[in-house]
Structure formats: C-alpha cells, structure tokens
Amino acid sequence: MKIICIGRNYTEHIKELNSETPDAPVVFLKPDTSILLKKQPFFIPDFSENVHHEIEVIVKINKIGKHIQPQFSHKYYDEISVGIDFTARDVQDELRIKGLPWECSKSFDGAAVIGKWISKDKIQDINNLEFNLQKNEEIVQKGNTSDMLHSIDALIAYISKYFTLKIGDIIFTGTPAGVGPVKADDKLIGFLDGEELFNIKVK
C-alpha cells in the first residue's frame, strides 16, 4: 500500500504558510513506515525542532483504478477518517529554499496518523464534512471539506492519472489553516463530524 498526500488544498492554509496557490493538486508520497502504530505515542524526531500537526480528511481506496473519471471516483472508496500529516517544518523550509523534495520533512517514521475508519454511508454529505483537531482539549484546527480547492472525488481522478490506485492505498486530502507545533506531553484528538477517531500522545 502507499500513502498519497495532497498539499495546499485549503486557501487559508496556503496563506498562513505564505505559499502560492497551485494550478493543480500538489502530490507527494509517504511510505508505509510513516504510519504511526496503533496505541503508540508520536515521538518527536531528533532532527527537528519544529514539528507541526496537520489534521486531514483521509480516504481508503477499495479497488484498483487507473485514469478514473471524476464522476466514478466515489466508487473507489467506502471508508473515511481523519489523520495527521506530521511535518518537520524547519526541515521542510530548508528543503523548499533549496528547491529539493519534501520527503525528509514529511515521510519519516510515525509521520502519518491514521484514525479509526468509518463507513462512507454514515456521512450525509462528503463535500460538507466538518472535522477538527484538539490539542490539550483546545481546538487548534478546524475545517470543512466544502472549503477544499479540489474535492475528494476530483483528487482521486487526478491522482489516478499518474499512479495506479490499489486496494488499501490511503489518500490524505490536505489540511486547513491552524497548523502549529507539537511538544512533549501534548495530547492530540481528531474528530470527524463530532466523532472521535484518534487520540494520541506526543513524547
């Protein structure tokens, strides 16, 4: 399986990072070793002094697909959740300045939190879905899929032009504004439509 991530998919997040709005989705990958194991804390890596949380809506692919048309994208996933794309922001900034790939800042061990999967059938409207992240019982990020520059179905169609999607692949669909640093002893809880889907500690 592979983890396919989308950057710069919410206007306010683009603004907070002083980035440019891209013409097409920004795509990068994480290896399966990035997945934080269940019931394990997130350990801040020793190569970064500024790791940020980025909560995102995620979907799991349920069948093989290539060159998927947007009107058929909804058939390629039936489970949805929220996750965190942890980002070593100081490392990323240095790489961006040099025009180098981001992977060392986003694809390290434990950098992908995967929440509990729920059936897409439980969701009334995929394109109007609220989610948020609590840090130490305070909401620090909140978003709605209606604010995406590229919808979930549009992303699936776009990604499948370049990569064959396989069963079990996970797509991170982008983060809203409010990203910020984590520190040891922080507690992070992710919610989708009011339902708690992950709860992790930072070490």
Side-chain angles (χ1 to χ4, degrees), residues 1-14 17 19-36 53-87 92 95-96 99-108 111-121 123 125-129 131 141 143-177 179 190 192 197-198:
M1 61 86 68
K2 55 188 174 289
I3 304 169
I4 305 165
C5 303
I6 303 299
R8 305 183 192 177
N9 201 25
Y10 288 82
T11 299
E12 294 305 313
H13 173 58
I14 293 171
L17 293 186
S19 298
E20 295 182 0
T21 301
D23 294 329
V26 175
V27 180
F28 61 96
L29 303 178
K30 290 178 183 272
D32 57 6
T33 49
S34 292
I35 296 175
L36 185 67
H53 56 73
E54 297 188 12
I55 190 171
E56 310 193 13
V57 172
I58 62 177
V59 297
K60 185 194 294 184
I61 298 300
N62 63 3
K63 61 181 178 179
I64 296 174
K66 179 70 174 175
H67 294 299
I68 300 165
Q69 297 301 307
Q71 64 268 31
F72 300 122
S73 292
H74 67 280
K75 297 182 178 181
Y76 286 82
Y77 66 103
D78 51 26
E79 290 182 294
I80 191 166
S81 188
V82 284
I84 295 179
D85 166 24
F86 278 117
T87 303
Q92 185 190 41
L95 292 169
R96 288 173 64 185
L100 297 174
W102 294 351
E103 274 72 14
C104 288
S105 68
K106 283 182 166 285
S107 303
F108 54 88
V113 174
I114 307 295
K116 179 181 71 175
W117 295 104
I118 61 174
S119 172
K120 186 175 66 174
D121 293 338
I123 305 300
D125 184 357
I126 291 291
N127 295 312
N128 187 20
L129 186 57
F131 60 104
Q141 276 190 277
N144 190 298
T145 54
S146 64
D147 295 325
M148 287 181 171
L149 296 176
H150 308 281
S151 69
I152 293 173
D153 288 355
L155 291 174
I156 289 173
Y158 182 82
I159 291 166
S160 71
K161 292 196 300 183
Y162 301 94
F163 308 104
T164 297
L165 293 173
K166 292 188 174 183
I167 297 170
D169 286 350
I170 296 171
I171 299 175
F172 277 66
T173 61
T175 193
V179 302
L192 183 69
L197 298 184
F198 68 73

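Predicted model only: the values in this text are computed from it and were never measured. Starting from 1, each residue takes its place in the sequence as its number.
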- prompt: Yes or no on side chain to side chain contact (heavy atoms under 4.5 Å, CB included) for I6 and V26, after CA distance, side-chain angles and deciding distance?
  reply: CA-CA 5 Å; I6 303 299; V26 175; 5.7 Å; no
- prompt: With a 3.5 Å cut-off and no angle check, do the side chains of S119 and E79 form a donor-acceptor pair?
  reply: no
- prompt: Within a reach of under 6.0 Å around CD of E20, are more than 12 heavy atoms found that belong to other residues, nucleotides or ligands?
  reply: no
Between E54 and T87: side-chain donor-acceptor atoms closer than 3.5 Å: yes
Student check: side-chain heavy atoms of V179 and H13 closer than 4.5 Å: yes
message: Quick check against the 3.5 Å criterion: does T173 have a side-chain atom that pairs as donor or acceptor with the backbone of V57?
response: yes
- prompt: In Å and rounded to the nearest 0.5 Å, what is the CD1 to NE2 distance from I159 to H150?
  reply: 11.0 Å
- prompt: Sub-3.5 Å donor-acceptor pair from the side chain of E56 to the main-chain atoms of D85, do we have one?
  reply: no
Atom of S34, atom of F108 and distance for their closest heavy-atom approach: OG-O, 3.4 Å
query: N144 and S146: side-chain donor and acceptor closer than 3.5 Å?
result: yes
query: Around K75, counting heavy atoms of other residues, nucleotides and ligands shown, do more than 12 lie under 6.0 Å from its NZ?
result: no
- request: Return yes when atom NZ of K66 has more than 12 non-hydrogen atoms of other residues, nucleotides or ligands closer than 6.0 Å, and no otherwise.
  value: yes
message: Nearest 0.5 Å, please: how far is CG in D147 from CG in N128?
response: 9.0 Å
Closest non-hydrogen atom pair, H74 against K120: O-NZ, 2.5 Å
field: Min side-chain heavy-atom separation I170-I114 under 4.5 Å
entry: yes
task: Mind listing the closest non-hydrogen atom pair of Q69 and A157 along with its distance?
output: C-CB, 4.2 Å
message: How long is the straight-line distance from SG of C104 back to CD of Q92, given to the nearest 0.5 Å?
response: 11.5 Å
query: Taking atom CD1 of I58 and atom CD1 of I4, what is their separation to the nearest 0.5 Å?
result: 12.5 Å
- prompt: Are I61 and I167 side-chain neighbours, meaning at least one heavy-atom pair lies under 4.5 Å?
  reply: no
field: Student check: side-chain heavy atoms of F198 and K116 closer than 4.5 Å
entry: no
message: What's the separation between atom CG in L155 and atom CG in N9, rounded to the nearest 0.5 Å?
response: 5.5 Å
- request: Any chance you could lay out the side chain to side chain contact (heavy atoms under 4.5 Å, CB included) test for I3 and F172, step after step, and finish with the verdict?
  value: CA-CA 7 Å; I3 304 169; F172 277 66; 3.6 Å; yes
- prompt: So, the side chain of S73 versus the backbone of I68: is there a donor-acceptor pair under 3.5 Å, distance only?
  reply: no
Separation of I171 CD1 from K60 NZ (nearest 0.5 Å): 13.0 Å
- prompt: For V113, which of I55, V82, I35, I84 qualifies under side-chain contact (heavy atoms from CB on, under 4.5 Å)?
  reply: I84
task: May I ask you to test the I152-I156 pair for a side-chain heavy-atom distance under 4.5 Å?
output: yes
- prompt: Which pair of non-hydrogen atoms, one from G65 and one from S160, has the smallest distance, and what is that distance?
  reply: O-CB, 4.4 Å
message: Would you say that D153 contacts P70 through its side chain, given a criterion of any heavy-atom pair below 4.5 Å between the two side chains?
response: no
query: For D169 and Y77, does a side-chain donor sit closer than 3.5 Å to a side-chain acceptor?
result: no
statement: Closest non-hydrogen contact found for L192 with F131 is CD1-CB, 3.9 Å
Contact summary for K30 and A111, nearest pair of heavy atoms: NZ-O, 3.3 Å
Pairwise side-chain contact, Q141 with T175, heavy-atom cut-off 4.5 Å (strictly under): yes
